[in-house]
Undergrad: 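Before we start, here is the structure in question, set down as structure tokens.
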Amino acid sequence: MDSSKLLGITTFIYMFSSVIYLALFVFRMKKIGLLATVVTIIGLLVNTAGIGMRWLESYQMGIGHAPLSNMYESLVFFTWSIVLLYLVVEFIYKNKVIGAFAMPFAFGSMAYASLSPEFSDRITPLVPALQSNWLIAHVFTCFIGYAAFAVACGTGIMYLVKLRDKGDSPNSLLATLPPLKVIDDITHKIILFGFIWLTAGIISGAVWANSAWGTYWSWDPKETWSLITWFVYASALHARFTRGWGGKRIAWISIIGFLAVIFTYYGVNFLLSGLHSYGAS
Amino acid sequence: MKKDKNSFWEFFASVKLALFCFFTLAIASIVGTIIPQNESPGFYIQKYGETTAEIFRLINIPDMYNSWWFVSILSLFSINLIVCSIDRLPTVWKLVTMDNLAAKVNRLEKMTPRNRFASAKPLQQVAAEVEQTLKGAGWKPSQRKTEGGTLLFAQKTPWVRFGVYIVHLSILVIFAGAIIGTLFGAKGSIMIRENSTVPYYFDRGSNAQQQLGFAIRVNDFSLTYYDSGAPKEFRSDLTVIEGGQEVLHKSIVVNDPLNYKGYTFYQSSYKADEDYWISVQNQTTGARKKFMARPGVELKWQEAGVTLGIVNLLRPDQWGRYRLKIWFSDGKGQPSVFWLDGETEVSVERADTAYGFKSEQVFYTGLQVAKDPGVWPVYIGFIIMLCGLFVAFFLSHKRLWVYIDETGNKTRVLVAGSANKNKVAFANMFDTLVEKLEENETLKLSKE
Ligand code: HEM
């Protein structure tokens, strides 16, 4: 069993898990709730094993490094973080319907990592610029933040969906979603969590840049976009805290913010040029 | 007059202005990522046409992040932050230092969460028991007799209310560091050939030659590859020379620079020279000589009576592999002509001795030079920011009051609490505490 196989299986498990959560929501099949959670946990375990195995394999190849060194590996870690975070949310809020809005992100990113021809799943050695412990700190912190924003985007969408619930029938599809207030609270808390990790991500990136090039901030497109993303969420926090924004507007910001995340992470590499060699390969 | 000053102040204290700054900074930053920065004037003319390029030039688009208007927005943002914090701090200060034992009972009666109980025990005893229970749960209550009864109060982490201001302060600290770096720092680069010493660097902005006050010698540059052909390591072996003395020696790689007197030297690039190092050793006497050889140029080793040269070469491929064809004569018999394969050593038999040959490429190493006394303030700002965010997001100021009074033959207990954040978690904690009070055998509380 090698890491590619394990990660391939992970993709399928997450697909399966997404389908069960969606079924749970759409057909109100309360009974399959336990199954959904169990499948997700198994998926997370296989995912973890895959990451660990990949780490080991890199050492066996004599080019040992943490599996956080290219687009493929970071997507796998991103997926892993989404699932872990989602399970924590499910555990805290005791609500499985959220899975229907969160797990598709995990499946999507994993499937994208495995199937997209742009990313190679080969384990490659680190070029000199990436040979730093700051690489690990940087990718780790950024992607936990990104994963949080993915889940917040999911709950933001859930909020907007729930808004269509006119409350006329307690048995309607939308009535099974948590109350608006609760969804809003979950979104807000996850954004707080993501914000602190994104901040740590930007900071670790700055420290790394300084130790590699002697400039902690050079306004390269990737840096700049991460700052833009940071501004989006900072404005959400301020609008909420001081102007009482909530509900619909925060839900929209969670979606816009996540689009900014995707652009920072993905769009910048392909649409803009810069010195972030990292994503280019 | 007074009103004028107030509206002026209010403008700078408003969060609306902060949101405006976030928004404009974000939009402006986006523009800067779409229009390439710091290119030559010709680039903009070619890409956007004469007129647009001229407009760009007028409003500093090619160096947007350093333009007067971008820096102005950043300044506005900082003033906003300072004024807003000054504006609000007194209120927060009062909240943190206020005398909570002066709280009015009718305010406690409106708080959530709260609970009411009654006990048959005398007030003194109830107060003492409640105090014990609170202490047991990790609170440090103080108490005061009021007109009607006794008020106990305890709180946890009141200072977390400053968390937000710590975050805001950190931004100012980071800005201060950035300004220090701009005013007192320097950025530049140098290309140094192996075996040479350079006492200056070229400034990044002006390209002017700047003296370091000491010199850097590059003893060696080496480049290694993975089997795939990808570069594995760029390494420069550097010596710092000051006043004719070697004061520091360090081998640097990307991500591990050399520091001396506030300057940091970073491995950033390299360039292969036309020349090669050739070392020759007489294997009988052990005498050895190292030449810097240029293809087609004859070299003489006078003392040994030796002449040699590179007569042909295959240039380095993707893995840095190259071959040199060497012509060699020690004046005894026919000259030898042979290939040197990269850095592998070759031994050549001559009439009365053998000679060992080894070659190596000559490189220039490219170093980034930076002096930034603002880095430490910036890093301190980073740490303050992370701590501040943690405090602002995850800790809350929790307060707990217990008001005890007597009516008739009953003692009444009112427990109330408040937290400025994370109210659900606080309510749970509150319930646990109330349960503890209810379980207290001596108190025998009954719900009211
Ligand atoms: C990028 C810069 C900034 C960051 C990272 C930042 C961060 C924060 C954070 C984390 C909070 C707490 C929010 C919460 O608890 O949910 C906050 C609150 C606040 N911020 Fe900022 N802030 C920034 C800029 C500003 C600026 C420029 C202003 C100027 C008006 C401002 C005004 C406020 C105010 C008034 C509050 C509410 C504080 C209170 O409770 O009294 N912030 N900020």
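Quick note on labels: first sequence line is chain A, next is B, and so on, each numbered from 1. Computed from a predicted structure; not experimentally measured.
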Undergrad: Specify which of B/Ile30, B/Leu25, B/Val424 makes the most heavy-atom pairs with chain A at under 4.5 Å.
TA: B/Ile30

Undergrad: Do you know which of A/Ala260, A/Ala234, A/Gly214 has the most heavy-atom pairs under 4.5 Å to chain B?
TA: A/Gly214

Undergrad: Surrounding NZ of B/Lys421 (heavy atoms of other residues, nucleotides or ligands, distance under 6.0 Å), is the total greater than 12?
TA: yes

Undergrad: Does B/Trp69 have more than 12 heavy atoms from other residues, nucleotides or ligands lying within 6.0 Å of its CH2?
TA: yes

Undergrad: Chain B heavy atoms under 4.5 Å from A/Ile202: which part of the residue, side chain, backbone, both or neither?
TA: neither

Undergrad: Where does B/Leu389 contact chain A at under 4.5 Å (heavy atoms): side chain, backbone, both or neither?
TA: both

Undergrad: At a heavy-atom distance under 4.5 Å, which candidate from A/Ser132, A/Pro128, A/Ala239, A/Ser211 has the highest pair count against chain B?
TA: A/Pro128

Undergrad: To the closest 0.5 Å, what do you measure between CD1 (B/Ile174) and CH2 (A/Trp217)?
TA: 10.5 Å

Undergrad: Which word best sums up how the rings of B/Phe77 and A/Phe231 line up, parallel for under 30°, tilted for 30 to 60°, or perpendicular for over 60°?
TA: perpendicular

Undergrad: Side chain, backbone, both or neither: which part of B/Tyr379 has a heavy atom under 4.5 Å from chain A?
TA: side chain

Undergrad: Once you round to the nearest 0.5 Å, how far does CZ of B/Phe382 lie from CD1 of A/Ile203?
TA: 5.5 Å

Undergrad: Answer yes or no: are there more than 12 heavy-atom neighbours, outside B/Gln46 itself, under 6.0 Å from its atom CD?
TA: no

Undergrad: Identify the residues of residues 251-259 of chain B whose heavy atoms come closer than 4.5 Å to a heavy atom of chain A, ordered by number, or report 'none'.
TA: B/Val254, B/Asn255, B/Asp256, B/Pro257

Undergrad: Of all heavy-atom pairs between A/Ile196 and B/Leu386, which one has the smallest distance, and what is that distance?
TA: O-CD2, 4.1 Å

Undergrad: If you count heavy-atom pairs under 4.5 Å between each of B/Val164, B/Thr264, B/Val378 and chain A, which one has the most?
TA: B/Val378

Undergrad: Could you label the plane-to-plane angle of the A/His238 and B/His168 rings as parallel, tilted or perpendicular, counting under 30° as parallel and over 60° as perpendicular?
TA: parallel

Undergrad: Can you tell me which portion of B/Arg235 sits under 4.5 Å from chain A's heavy atoms? Options are side chain, backbone, both or neither.
TA: neither

Undergrad: Tell me if a side-chain donor or acceptor on B/Tyr65 pairs with a main-chain N or O of A/Ser218 at a distance below 3.5 Å.
TA: no

Undergrad: Atom OH of B/Tyr226 and atom CG of A/Leu126: how far apart are they, to the nearest 0.5 Å?
TA: 5.5 Å

Undergrad: Nearest 0.5 Å, please: how far is CD in A/Gln131 from CZ in B/Phe234?
TA: 9.0 Å

Undergrad: Write down the atom of B/Ser29, the atom of A/Thr224, and the distance for their closest heavy-atom approach.
TA: CB-CG2, 3.4 Å

Undergrad: Calculate, to the nearest 0.5 Å, the distance between atoms CZ and OG1 belonging to B/Arg88 and A/Thr242 respectively.
TA: 6.5 Å

Undergrad: Near A/Lys181 NZ, under 6.0 Å, is it more than 12 heavy atoms from other residues, nucleotides or ligands?
TA: no

Undergrad: Does atom NZ of B/Lys232 have more than 12 heavy-atom neighbours, drawn from other residues, nucleotides or ligands, at distances under 6.0 Å?
TA: no

Undergrad: Counting heavy atoms not belonging to B/Asn428, are there more than 12 under 6.0 Å from its CG?
TA: yes

Undergrad: Let's test your reading of the structure: which of B/Glu233, B/Lys187, B/Gln267 forms the most heavy-atom pairs below 4.5 Å with chain A?
TA: B/Lys187

Undergrad: About how many Å separate CZ of A/Phe193 and CZ of B/Phe394, when rounded to the nearest 0.5 Å?
TA: 7.0 Å

Undergrad: Report which part of B/Met64 has an atom under 4.5 Å of a heavy atom belonging to chain A: side chain, backbone, both, or neither.
TA: neither

Undergrad: Evaluate the side-chain contact (heavy atoms from CB on, under 4.5 Å) criterion for residues A/Thr215 and B/Arg204: first the C-alpha distance (whole Å), next the side-chain angles of each, then the deciding distance (0.1 Å), finally the verdict.
TA: CA-CA 12 Å; A/Thr215 312; B/Arg204 181 153 78 196; 4.3 Å; yes

Undergrad: With only heavy atoms counted, which part of B/Phe390 is less than 4.5 Å from chain A, the side chain, the backbone, both or neither?
TA: both

Undergrad: Do you know which of B/Ala370, B/Pro231, B/Ala178 has the most heavy-atom pairs with chain A at a distance under 4.5 angstrom?
TA: B/Pro231

Undergrad: Any donor and acceptor pair, going by atom type alone, linking the side chain of B/Gln368 with main-chain N or O of A/Ala212 inside 3.5 Å?
TA: no

Undergrad: In this structure, are over 12 heavy atoms from other groups packed under 6.0 Å from B/Phe23 atom CZ?
TA: no

